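First listed ligand is number 1; within each ligand, the first listed atom is number 1. All values derive from a computational prediction rather than experimental measurement.
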Amino acid sequence: MKNFIYCILCLFVASGEAAKPFKWSYCNPKKPGIIRIKELKVSPSPLPSPGKFYVTMEEETLAPINSSRVEISVKKQALINVPVPCISKFGSCTYPDTCTLLDDMEKKNYGGLLGPIATVLKKLYHSKGLTYKCPVPPQKIKVTKAEFTLPATSSVMKTFLQGHFKAKIRLIDNKNKKEFFCLNVEMSVSTGCHGWLCGKR
Ligand SMILES: *[C@@H]1O[C@H](CO)[C@@H](O)[C@H](O)[C@H]1NC(C)=O
């Protein structure tokens, strides 16, 4: 079992080190769904962990968003693209309900990473007079260089986070079971971790 885990880890380690810029696209450009993105930028690339990163976003939602499921699938680019599992609610995870997601993410600090990010997001919503309570009314969101922090992580997490990732994010309405939004994003993360488990075991 231990060897099996190390083998999975070695696939993650054997990844190209070159960082690539942040990229996004609609999964289906002909049917962008009800969330229209005018601008989405994440910098710097690679995202430093630990460190700060910045998000500039302008988007508009065209219809109320009701209780929805979020499905995220992540692949890490290596010699072959390796599917990333869901580890303590971080990675390729399904979250059952957008209505409670931010509060739950903050409370349980998903992946030891996402708690502080949820806190910043909630503050942003408040400061802009926007709401994330369900049903979320149609609204416009514009943020310029919002600052987020990635905390220091364990050496296993460092190995896991180092690299280039491709993620697909799908939003599916819980009542009518229809996908109403789907986004592809690509980003690189640098944990300064280059060796086998960062040179530690
Ligand atoms: C949410 O529910 C309202 C009212 O039933 C509906 O008009 C709207 O399209 C739904 N939103 C989504 C994203 O399905």
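Taking the six-membered ring for Trp and thresholds of 30 and 60 degrees, Tyr26 and Phe181 have ring planes more than 60 degrees apart, a perpendicular arrangement.
With sequence neighbours left out, the ring-ring contact (aromatic ring centres under 6.0 Å, His included) criterion links Tyr125 to Tyr132.
Within a 4.0 Å radius of atom 13 (C) of ligand 1, the protein contributes at least one heavy atom. Taking a distance limit of 4.0 Å, we find that atom 7 (O) of ligand 1 is approached by no protein heavy atom.
With respect to Lys145 and Glu147, no salt bridge is recorded, no charged nitrogen being found less than 4.0 Å from a carboxylate O.
How far CD of Gln139 is from CG of Leu62: 12.0 Å, rounded to the nearest 0.5 Å. Between Asn66 atom CG and Lys175 atom NZ the span is 6.5 Å, to the nearest 0.5 Å.
Assignment of Pro135 to the shell around ligand 1 is not supported, since no heavy atom sits closer than 4.0 Å.
Between Pro44 and Lys52, the closest heavy-atom pair is CD-O, 3.9 Å.
With respect to atom 2 (O) of ligand 1, the closest heavy atom belonging to the protein is Asn66 ND2, 2.5 Å. Ranking protein heavy atoms by distance to atom 9 (O) of ligand 1, first place goes to Ala63 CB, 4.4 Å.
Set against the non-hydrogen atoms of Phe180, the atoms of ligand 1 under 4.0 Å away are 13 (C). Of all atoms in ligand 1, numbered sequentially from 1 with element shown, those under 4.0 Å from a heavy atom of Ile34 are 13 (C).
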